[in-house]
Amino acid sequence: MPLSRSLSMTSLSGLLPAWEEDELPVEDLLLFEVAWEVTNKVGGIYTVIQTKAKITVDEWGENYYMMGPYFENNFKTQVEGCEPPNPAIRKAMDALIHNGCQVHFGRWLIEGSPYVILFDIGSAAWNLDRWKGDLWETCNIGLPYHDREANDSLILGSLIAWFFKELTDNLGDKPNVIGHFHEWQAGPGLILSRSRKIPMATVFTTHATLLGRYLCAGNADFYNNLDKFNIDKEAGERQIYHRYCLERAAVHCAHVFTTVSQITAVEANHMLHRKADVVTPNGLNVKKFSAMHEFQNLHSTSKARIQEFVRGHFYGHLDFNLEKTLFFFIAGRYEFSNKGADIFLESLSRLNYLLRVHRSDVTVVVFFIMPAQTNNFNVESLKGQAVRKQLWDTAHTVKEKFGKKLYDALLKGQIPDMNSILDRDDFTIMKRAIYATQRHSLPPVTTHNMLDDSKDPILSNVRRIGLFNSRNDRIKIIFHPEFLSSTSPLLPMDYEDFVRGCNLGVFPSYYEPWGYTPGECTVMGIPSVTTNLSGFGCFMEEHVSDPAAYGIYIVDRRFRSAEESCNQLTQFMFSFCQQSRRQRIIQRNRTERLSDLLDWRYLGRFYIHARHLALSRAFADKFKMDPMAPPKTEGFRYPRPYSVPPSPSASLHSTPHHSDVEDSDDEPYDEDEEAERDRLNIKAPFVLGAVHTLFLATVCCYVIQQL
């Protein structure tokens, strides 16, 4: 079933390289995708499998199933129970149910409505000791009794391997089964399935290595010492050796091993000692607008809502022009160093200095959206929004009264006396409202009461750099230690609306196997900062000739020192502050054009290639694939926008002090014309084999001419 999608004038989807892989006979195959996050939101893998479901269901129809753990509340709220369409699946489920293990089936109520098979871990827990013995006899991996997560993953894996055994016995030779396992929690199912020689093709995807997360969380110089770590020793010291063994065994048991990015493939090669067969980048369901200006209108609407919050938060200190105020943000898990919040705060301090030295009229309000332990909302923050609302109500009341008197006077054919149209009571009300905005303290840095204020990393560094939202500072900081919600009494906005209203997302991560946050910015047309240590940053460097021209600023954190990376990030943000309003609009148009790169319609092909490769290795007599042939998933490369000057100096101001209407004609720009030229200039990436063939052909032609 083809995907339905309204295309914008600037969409480049028409030039996505055609999928040349031989189509799999999906009617003769069954695809099972196994993950702990199926119907169970824990982390980023939930987003991956949820957003990818639609395109996978379109390709596989009723031959696609997801598998994961059963949680009663999740099942009741997210799954519609139904009967399996395949009798063999029903028989396999019954075999487990008749042995005292509960298995549930239904449709997951997300886009695509995929079938899900959920295994009740609690109902099978009585088998744990026996299954631990099976795991030890199979691969000499022992699990400690106190690690509940590892024990639960073993129960889930044992149930899944049991299910696959019953299923393949019922199916016989046809249809063939593919099992795609995500992360180490799904690893035991793969290990046991392979050790029992169940006839199925297997794919294992790691989204981040276990040890990599632990080492980076401990502030280790990770990427410069990848080949120097004693892996067994490091895992043992962190009491995760058994988990590491499960992960490594799953990687080596799988027919095909994939990672979500090239940087994670390098990491996995050192941590898990296997090179990735395929890199499967994470995508999103991109919804394009029929007209280009629609997403710009959404930006303006959401920005106005953020401005209203800022008016309340900074009441009494609102001495900066909101029309010349930019909104930056960082969001994600509260991993202070891994997410780059440390380098971001230091760069903000330096940016504040630069803006003050250049006497800039630009103000930057920076939001930190990272969940932390709090008591409740800060009283001062709530008071600010109440004062703003009171001012609004007062202004509205006076406006209504003023409008009525003006209307009556004009009906009588008179020009009203402006000195008498408002009486003393009106002035009294307005003066009281003005006095209510006076405050003797600085606007709060955080919107909530923190449980451990003195030890919080963000607040500790804010104190170090001295950015307390004073009048003289051009950088204002707001730490919102809670995920955004439209029901919040403080900032009633969903995350998507908030992102649309911001000007720049800043994600200078040190450890980020993929990085959904800058990707979400891109599909919404919001420029972002990322790094060459994130999967997203590496992906953009590979597919875009000049990422900065498209609003993707990539900080080098791999080959530069922390000081140099900090200076580079400061310069990126300072240059962004120099842009005029028109330049920012043009850049948002270009950023939104990259959204096709992140669409599952394009990135789904990497998963197709991985499945085909797994089938060719598991069932070599039925599925053929040349192991030496280069993958046909090379993609394409965006050119530099033709209207961008060859030097940044031609389009940027030497100082951020400027008006929004200046240089209105300094850069010739037509969105449709530029998009059309970019379509024509899209190139395939460099492929060594192709260049070598071209070189030989050129030499042969030259020899023939000489003869």
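Throughout, residue positions are numbered sequentially from 1 according to the sequence presented.
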Q: Please answer whether the main-chain N or O of Arg605 pairs with a side-chain N or O of His609 as donor and acceptor at a distance below 3.5 Å.
A: no
Q.
If you define the side chain from C-beta out and look only at heavy atoms, does anything of Phe479 sit under 4.5 Å from Asp456?
A. yes
Q: May I have the step-by-step check of side chain to side chain contact (heavy atoms under 4.5 Å, CB included) for Ile263 and Tyr223, ending in yes or no?
A: CA-CA 10 Å; Ile263 192 74; Tyr223 291 100; 3.8 Å; yes
Q. What residue pairs, at least two apart or across chains, pass salt bridge (charged side-chain N to carboxylate O under 4.0 Å, His left out) with a residue in residues 160-173?
A. Lys165-Asp169
Q) Is the Phe377 ring parallel, tilted or perpendicular to the His448 ring (thresholds 30°, 60°)? A) tilted
Q. Just checking, any donor-acceptor pair under 3.5 angstrom between side chains of Trp184 and Ser153?
A. no
Q. Just wondering, do Lys54 and Trp600 contact through their side chains at under 4.5 Å, heavy atoms?
A. no
**Q.** Lys624 (side chain) donor-acceptor with Ala620 (main chain) under 3.5 angstrom
**A.** yes
Q.
For the backbone of Pro281 and the side chain of Tyr607, can you confirm whether one donor and one acceptor N or O come within less than 3.5 Å of each other?
A. no
(Q) Less than 3.5 Å apart, any donor N or O on the side chain of Glu267 or Tyr511 sitting next to an acceptor on the other? (A) yes
Q. For Tyr46 and Lys41, which heavy atoms make the closest approach, and how far apart are they?
A. CD1-CA, 3.4 Å
Q) Which salt bridge (charged side-chain N to carboxylate O under 4.0 Å, His left out) pairs, counting each pair once, include a residue from residues 128-140, with sequence neighbours left out? A) none
Q) Does atom NZ of Lys174 have more than 12 heavy-atom neighbours, drawn from other residues, nucleotides or ligands, at distances under 6.0 Å? A) no
(Q) Which heavy atom of Cys253 sits nearest to which heavy atom of Arg194, and what is that distance? (A) O-NE, 2.7 Å
(Q) Checking Thr264 against Ser261: is there a side-chain donor and acceptor pair closer than 3.5 Å? (A) yes
**Q.** Check against side chain to side chain contact (heavy atoms under 4.5 Å, CB included), Ser595 and Asp599
**A.** CA-CA 7 Å; Ser595 59; Asp599 196 336; over 6 Å; no
Q.
Quick one, Ile369 and Phe498 - any side-chain contact, counting heavy atoms below 4.5 Å?
A. yes
Q: For the residue pair Met271 and Phe222, establish whether any side-chain heavy-atom pair is separated by less than 4.5 Å.
A: yes
Q) Given Ile45 and Trp36, is the side chain to side chain contact (heavy atoms under 4.5 Å, CB included) satisfied, shown in steps? A) CA-CA 9 Å; Ile45 302 174; Trp36 190 263; over 6 Å; no
Q. Rounded to the nearest 0.5 Å, how far does CG of Leu190 lie from NE2 of His182?
A. 11.5 Å
Q. Is the shortest heavy-atom distance from the side chain of Phe32 to the side chain of Ile117 under 4.5 Å?
A. yes
Under 3.5 Å, sequence neighbours excluded: what are the donor-acceptor pairs made by side chains of residues 103-110?
unit_1	atom_1	unit_2	atom_2	d
Arg107	NH1	Ser113	O	2.6
Arg107	NH2	Tyr115	OH	2.9
Trp108	NE1	Gln78	OE1	3.1

Q. Salt bridge (charged side-chain N to carboxylate O under 4.0 Å, His left out): which pairs involve residues 84-100, sequence neighbours left out?
A. Glu83-Arg90, Arg90-Asp94
Q: Assess the side chains of Thr531 and Ser509: does a donor N or O sit below 3.5 Å from an acceptor N or O?
A: no
**Q.** Contact summary for Ser123 and Trp126, nearest pair of heavy atoms
**A.** O-NE1, 3.0 Å
Q: Assess the side chains of Lys622 and Asn176: does a donor N or O sit below 3.5 Å from an acceptor N or O?
A: yes
Q) Measuring from Ile608:CD1 to Phe606:CZ, what's the distance to the nearest 0.5 Å? A) 10.5 Å
Q: Kindly give the heavy-atom pair with the smallest separation between Ala265 and Val279, and that separation in Å.
A: CB-CG2, 4.5 Å
Q: Among Val499, Asp494, Leu491, find the residue that satisfies the side-chain contact (heavy atoms from CB on, under 4.5 Å) test when tested with Leu484.
A: Leu491
Q) Roughly how far, to the nearest 0.5 Å, is the CZ atom of Phe483 from the CE atom of Met370? A) 9.5 Å
Q) Applying salt bridge (charged side-chain N to carboxylate O under 4.0 Å, His left out), which residue pairs with at least one partner in residues 236-263 are found, sequence neighbours left out? A) Asp147-Arg243, Glu149-Arg243, Lys233-Glu237, Glu234-Arg238
Q | Close side-chain approach of Pro144 to Asn151, heavy-atom, < 4.5 Å | A | no
Q) Side-chain contact, heavy-atom cut-off 4.5 Å: Trp162 with Trp131? A) yes
Q. Taking the six-membered ring for Trp, are the ring centroids of Phe181 and Phe204 within less than 6.0 Å of each other?
A. no
(Q) If you compare all heavy atoms of Gly189 against all heavy atoms of Ala161, which two are closest, and at what distance to 0.1 Å? (A) O-CB, 4.1 Å
Q.
With side chain to side chain donor-acceptor pair (under 3.5 Å) as the rule and sequence neighbours excluded, what pairs involving residues 195-204 come up?
A. Thr202-His255
Q. Side chain to side chain contact (heavy atoms under 4.5 Å, CB included) between His273 and Ile231: does it pass, once the steps are laid out?
A. CA-CA 10 Å; His273 301 288; Ile231 306 301; 4.2 Å; yes
**Q.** side-chain contact (heavy atoms from CB on, under 4.5 Å), paired with Lys228, selected from Asn225, Leu226, Asn230
**A.** Asn225
(Q) Please check this pair: side chain of Tyr64 against backbone of Glu59, looking for a donor-acceptor N/O pair closer than 3.5 Å. (A) no
**Q.** Spacing of CD1 belonging to Ile178 relative to CG belonging to Leu24, to within rounding of 0.5 Å
**A.** 6.0 Å
Q) Charged N to carboxylate O below 4.0 Å: is that the case for Arg617 and Asp277? A) yes
Q: Could you tell me the separation between the CG atom of Leu118 and the CG atom of Asn40, rounded to the nearest 0.5 Å?
A: 9.5 Å
Q) For the side chain of Asn63 and the backbone of Asp28, is there at least one donor-acceptor N/O pair under 3.5 Å apart? A) no
Q) To the nearest 0.5 Å, how far apart are CZ in Phe163 and CG in Leu96? A) 8.0 Å
Q: Find out whether Leu615 and Leu29 are in side-chain contact, i.e. whether some heavy atom of one side chain is under 4.5 Å from a heavy atom of the other.
A: yes
Q.
Tell me if a side-chain donor or acceptor on Asn74 pairs with a main-chain N or O of Tyr70 at a distance below 3.5 Å.
A. no
Q: Grab the two heavy atoms, one from Ala124 and one from Ile155, that are nearest each other, plus how far apart they are.
A: CB-CG2, 4.1 Å
Q | Close aromatic pair by centroid cut-off 6.0 Å: Phe507 and Phe536 | A | no
